Each structure stands twice: as structure tokens, then as C-alpha cells.
Amino acid sequence: EHVLVVEEDEAVRSFISLLFRQLGFSVTCASSAEGALECLRHSPPDLAVLDLDMSGTSGADICRAIRADGDMSAIPVLILSAGDVEIGRREAFAAGADEYLSKPFDVSELEARAKALIRLKRLQEDRIFVRKAFLSVAKAVEDRDRNASGHSGRVAEMCVRLARELGIKDEADLDMLRLGGLIHDIGKIVVPEAIMHKPGMLFDHEWECVRRHPAAGYELCSPMRRSILALRIVRHHHERLNGAGYPDGLRADDIPLHVRIASAADVLDALLSPRSYREPYPFPKAREILAREASDGLLDRRVVDALLEAVAPRMDALFANCC
């Protein structure tokens with residue numbers, strides 16, 4: 001692991017650098033903000049240890065610069081200060097620091113906090129890698145179906161817009177809706193292309209194969225345990241409020257709002273898209289079908305109304321490629 005130590009005082013800088021080297025870290029040092037930012041951009045570290053009390057540009061200023069830069073924003077920051085503890089702590093955390101230690105510090109505490117921050121960074125990197133991998137798989141699955149081009153991206157965009165229309169503002173929830181939309185059909189990897197492209201009605205055994213894709217997708221994506229809302233969308237986007245859906249036959253309140261949003265978006269885009277067995281429906285006909293499904297207790301009426309009245313009419317450009 002690589003640590004950047006930014007400290008104005010040469011003796012203190014050398015001492016901290018020696019400590020980290022003895023702990024097995026590789027270390028880069030800087031004595032100014034300019035030098036620190038150059039090091040950060042040239043060789044991003046696994047941890048930045050910043051002195052709060054530098055003259056001119058302080059450690060807090062460097063931390064703010066790190067957080068404002070998209071390429072560096074995920075670097076963990078530990079700020080050290082010899083000043084007033086409460087004032088220093090407030091300033092450090094206000095700037096976006098992950099940890100704060102006052103000088104003189106306990107060496108074992110510095111080691112423990114540094115290792116914990118780097119461990120969290122590695123876990124976050126692993127989650128990002130896993131997420132990117134599944135997004136790639138989902139895209140490859142979609143590319144197998146010549147009629148599904150862009151479907152998941154459109155569903156994801158509708159999910160986010162519809163959620164905002166319904167009052168969901170939490171960015172983490174919106175991110176899960178976007179992710180769920182992008183990977184909701186990943187389970188179609190188990191559906192043979194001959195079935196996906198069949199121009200006529202499916203036989204019962206072929207339909208059963210198609211119906212397996214939500215559960216298959218859920219199992220495939222299960223390593224993304226922290227993305228539970230997205231996983232629920234993958235498994236339950238074909239559930240219906242009256243219990244007629246699959247794979248689990250969920251009813252009413254057993255189906256979370258996030259899933260209801262994804263289900264409505266998925267149905268609308270499917271209606272507006274070509275299929276091997278039919279041409280795409282014009283929007284008025286798609287509106288009629290979607291409204292009927294809400295009236296019949298399949299889809300959430302409030303969600304469908306918001307989709308048809310407030311979201312879909314503003315998405316001409318999004319639908320242009322599928323209509």
C-alpha cells in the first residue's frame with residue numbers, strides 16, 4: 001500500500017514517513033500543497049496523511065481539492081493537527097477528511113486507523129469492480145437480443161425520473177434504481193436465443209424458460225449483497241400486485257415501491273419496443289395498455305399515473321430509437 005505524507009516540518013515529515021515505512025508501506029512525501037497535488041495526480045495513493053496546520057494552503061484545503069476532483073475523490077484522508085482538538089476535528093471533517101488525529105499521536109492508533117482506511121478503500125474498489133463486471137454482463141446479454149437494444153438504459157432512466165416524480169430524493173436510493181434498471185434482465189443469459197427471437201407464440205416449456213430469468217438474474221448478481229434494492233428489482237420486476245406475477249407470486253405491500261417503479265418502466269418500454277412477434281405499439285396504445293394493467297390490479301396505479309402523465313411525455317428523445 002502507498003501512503004502520501006504531506007507535512008511542512010521536515011523533522012515531523014521524516015518521522016511519519018519512517019513510521020509508515022517500518023509498517024511496510026511505500027511512502028511519498030510532500031512539503032507543500034503544490035507538491036501534494038502533483039503527487040496525487042501522478043501517483044494516487046491508497047491513503048493521504050495531511051497536516052492541518054501548514055502555512056498558506058492547509059491540509060483542509062488539500063482535502064477539499066481531493067474531494068472536488070473526480071479522479072481523486074475516493075482517496076482516504078487522515079488529517080493530523082497539533083492545534084485545538086475540537087476546532088481541528090471540526091475543520092478536518094468539514095473538509096471531507098475520513099479520520100483525524102491530534103499530535104502527538106499514538107503510533108499504534110495511527111497504524112490502526114491507516115490500515116482501516118486502506119481496507120475500506122479496497123472493499124470499495126472491489127464493489128466497484130463487481131458492479132462494473134455485472135453491468136458488462138448485462139450489456140452482453142442485452143446485445144444478444146436484436147430487439148432489446150437500449151432497453152435497460154431506457155428503463156434505468158425512467159426509473160430515476162419516475163422516482164423523483166414520486167418524491168424519492170435520496171441519492172443512494174436513486175443509484176440503486178438506476179443500477180436495478182440496468183441489470184434487471186441480466187438473468188436472460190439462461191434463455192436461448194432461439195426462444196428470444198422466436199417469431200410466434202411460445203410453447204409452455206419455452207415460456208417456463210423465460211420465466212426463470214428473474215430468479216436466475218438474482219442468483220447471478222447475489223455477490224452484490226450491499227445492492228439489495230437493485231437485487232430486488234432484478235428478482236421481482238415481473239411480480240404483480242394481484243399475485244399473478246413471477247417468480248415468487250408476491251402481492252401488494254410485499255412488492256416494494258422501487259420494484260413497482262421498475263416494473264412500470266419495464267412494461268412501458270417493452271410496449272414501445274419491437275418484438276420478434278410484433279411491431280412496437282404507438283404511444284397512445286401503450287398508454288391504454290398500461291392504464292388497463294393498473295386498473296386490473298397488476299401495476300401500481302399511482303406509479304403508472306406518474307409515469308404516463310409526468311415522465312413519459314418528457315422523454316421523446318429517449319424513446320426515439322425504439323418507436
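In this chain, numbering begins with 1 at the start of the sequence shown. Predicted model only: the values in this text are computed from it and were never measured.
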Task: Chi angles and distances behind the side chain to side chain contact (heavy atoms under 4.5 Å, CB included) call for Val259, Leu250 - done: CA-CA 11 Å; Val259 174; Leu250 299 184; over 6 Å; no
Open item on the list: Count I, L, V, M, F, W, Y as connected when their side-chain heavy atoms are under 4.5 Å apart, and connections chain through other members. Are Val210 and Val141 then in the same cluster?
Closed with: yes
Task: Side-chain (Asp300) to main-chain (Leu257) donor-acceptor, under 3.5 angstrom - done: no
Task: Sub-4.5 Å side-chain heavy-atom contact between Asp170 and Leu174 - done: no
Task: Exceeds 12 heavy-atom contacts within 6.0 angstrom, atom CG of Asp204 - done: no
TODO: Flag the pair Glu309 and Arg287 as a salt bridge only when some basic side-chain nitrogen lies within less than 4.0 angstrom of an acidic carboxylate oxygen.
DONE: yes
Open item on the list: To the nearest 0.5 Å, what is the distance between CG on Leu182 and CG on Leu177?
Closed with: 11.0 Å
Task: Donor-acceptor under 3.5 Å (Arg154 side chain, Ser149 main chain) - done: yes
Open item on the list: What I'd like to find out is whether the side chain of Leu110 reaches to under 4.5 Å of the side chain of Leu78, using heavy atoms alone.
Closed with: yes
- [ ] Check for a donor-acceptor pair, side chain of Arg67 on one end and backbone N or O of Gly96 on the other, with a separation under 3.5 Å.
- [x] yes
Task: Inter-residue atom distance Arg292.CZ - Leu299.CG, 0.5 Å rounding - done: 11.5 Å
TODO: Applying salt bridge (charged side-chain N to carboxylate O under 4.0 Å, His left out) between Asp248 and each of Arg240, Arg211, Arg235, report the one that passes.
DONE: Arg235
TODO: Look at the side chain of Asp296 and the backbone N and O of Leu298, then say whether any donor-acceptor pair between them is shorter than 3.5 Å.
DONE: no
TODO: Check Arg301 against Ala294 and note the closest heavy-atom contact, atom names and distance.
DONE: CA-CB, 3.9 Å
TODO: Answer yes or no: is there a side-chain heavy-atom contact under 4.5 Å between Cys221 and Phe134?
DONE: yes
- [ ] Grab the two heavy atoms, one from Ser17 and one from Val27, that are nearest each other, plus how far apart they are.
- [x] OG-CG1, 3.5 Å
Open item on the list: Could you measure the distance from the CZ atom of Phe20 to the CD atom of Glu111? Nearest 0.5 Å is fine.
Closed with: 9.0 Å
- [ ] Scan for salt bridge (Lys or Arg N to Asp or Glu O under 4.0 Å) pairs involving residues 5-26, sequence neighbours excluded, and state none if there are none.
- [x] Glu7-Lys103
TODO: Kindly determine whether Lys188 and Glu142 satisfy side chain to side chain contact (heavy atoms under 4.5 Å, CB included), including the steps that lead there.
DONE: CA-CA 8 Å; Lys188 285 186 176 178; Glu142 184 171 285; over 6 Å; no
Open item on the list: Are Met176 and Met158 linked, directly or through intermediate hydrophobic residues, by side-chain heavy-atom contacts shorter than 4.5 Å (ILVMFWY only)?
Closed with: no
Open item on the list: Testing the basics here: between Ala95 and Cys63, what is the closest heavy-atom pair and its distance to 0.1 Å?
Closed with: O-SG, 3.4 Å
Open item on the list: Looking only at side-chain N and O atoms, does Ser263 offer a donor or acceptor that is under 3.5 Å from a partner on His238?
Closed with: no
TODO: Output, in order, the C-alpha distance, side-chain angles, deciding distance and verdict of side chain to side chain contact (heavy atoms under 4.5 Å, CB included) for Ile118 and Phe25.
DONE: CA-CA 11 Å; Ile118 291 173; Phe25 296 92; 3.3 Å; yes
Open item on the list: Rounded to the nearest 0.5 Å, what separates atom NE2 in His184 from atom CG in Leu179?
Closed with: 12.0 Å
TODO: Considering non-hydrogen atoms only, spot the tightest contact between Leu307 and Ala264 and give its length.
DONE: CD2-O, 3.6 Å
Open item on the list: Can a donor-acceptor pair be found, under 3.5 Å and without considering hydrogens, that links the side chain of Glu165 to the backbone of Ala306?
Closed with: no
Task: Candidate pair Arg164 and Arg161, rule side chain to side chain contact (heavy atoms under 4.5 Å, CB included), full reasoning - done: CA-CA 5 Å; Arg164 288 195 171 111; Arg161 295 193 190 190; 5.7 Å; no
Task: Beyond-backbone contact of Arg90 with Glu86, side-chain heavy atoms, under 4.5 angstrom - done: yes
Open item on the list: Please check: side-chain N/O of Asp46 versus main-chain N/O of His2, any donor-acceptor pairing under 3.5 Å?
Closed with: yes
- [ ] Taking atom types as modelled, find out whether Arg131 and Ser227 have a side-chain donor-acceptor pair closer than 3.5 angstrom.
- [x] no
Task: Donor-acceptor contact below 3.5 Å, side chain Asp61 vs main chain Ser58 - done: yes
Task: Side chains of Leu271 and Pro280 in contact at under 4.5 Å (non-hydrogen atoms) - done: no
TODO: Indicate, with yes or no, if Val5 and Val107 share a hydrophobic cluster defined by side-chain heavy-atom contacts under 4.5 Å among Ile, Leu, Val, Met, Phe, Trp and Tyr.
DONE: yes
- [ ] Report yes or no: is the cationic atom of Lys198 (NZ for Lys, CZ for Arg) under 6.0 Å from the centre of the six-membered ring of Phe203, at an angle within 45° of the ring normal?
- [x] yes
TODO: Answer yes or no: is there a side-chain heavy-atom contact under 4.5 Å between Pro76 and Leu120?
DONE: no
Open item on the list: Between Asp266 and His151, is there a side-chain donor-acceptor contact under 3.5 Å, judged purely by atom types and distance?
Closed with: yes
TODO: Tell me whether Ile289 is reachable from Leu241 by hopping between hydrophobic residues (I, L, V, M, F, W, Y) whose side-chain heavy atoms are closer than 4.5 Å.
DONE: yes
Open item on the list: So, taking the atom named CD in Glu219 and the one named CG in Leu231, what distance separates them when rounded to the nearest 0.5 Å?
Closed with: 10.0 Å
- [ ] Assess whether atom CZ of Phe105 is packed by more than 12 heavy atoms of other residues, nucleotides or ligands within 6.0 Å.
- [x] yes
- [ ] Would you mind checking if Asp305 and Arg302 are paired as a salt bridge, meaning a charged N to carboxylate O distance below 4.0 Å?
- [x] no
Task: His237 (side chain) donor-acceptor with Ile233 (main chain) under 3.5 angstrom - done: yes
Open item on the list: Check this for me: Arg226, atom CZ, are more than 12 non-hydrogen atoms of other residues, nucleotides or ligands nearer than 6.0 Å?
Closed with: no
Task: Distance, nearest 0.5 Å, that separates CD1 of Ile228 from NE2 of His258 - done: 12.0 Å
Task: Residue Ile189 excluded, over 12 heavy atoms near CD1 under 6.0 Å - done: no
Task: Side-chain hydrophobic cluster, 4.5 Å single linkage: members besides Tyr100 - done: Leu4, Val6, Leu37, Leu40, Leu50, Leu52, Met54, Ile62, Ile66, Met72, Ile75, Val77, Ile79, Val85, Phe93
Task: Closest approach of Cys159 to Ala265 (non-hydrogen atoms, all atoms of both residues) - done: SG-CB, 4.2 Å
- [ ] Give the minimum heavy-atom separation between Val190 and Ala216, together with the two atoms involved.
- [x] CG1-CB, 3.7 Å
Task: Flag side-chain contact, heavy atom, 4.5 Å: Val137 against Leu220 - done: yes
Task: Over 12 non-hydrogen atoms of neighbours within 6.0 angstrom of CG in Asp253 - done: no
Open item on the list: Any salt bridge linking Lys139 with Asp143? Criterion: basic side-chain nitrogen under 4.0 Å from a carboxylate oxygen.
Closed with: yes
Open item on the list: Check for me, please, whether Trp207 and Ile195 land in the same ILVMFWY cluster - side-chain distances under 4.5 Å, paths through other members count.
Closed with: yes
Task: Heavy atoms from other residues, nucleotides or ligands near CD of Glu125 exceed 12 (cutoff 6.0 Å) - done: yes
- [ ] Could you check if a side-chain atom of Lys285 sits within less than 4.5 angstrom of a side-chain atom of Pro282, using non-hydrogen atoms only?
- [x] yes
Task: Backbone of Cys39 reached by a side-chain donor or acceptor of His42 within 3.5 Å - done: no
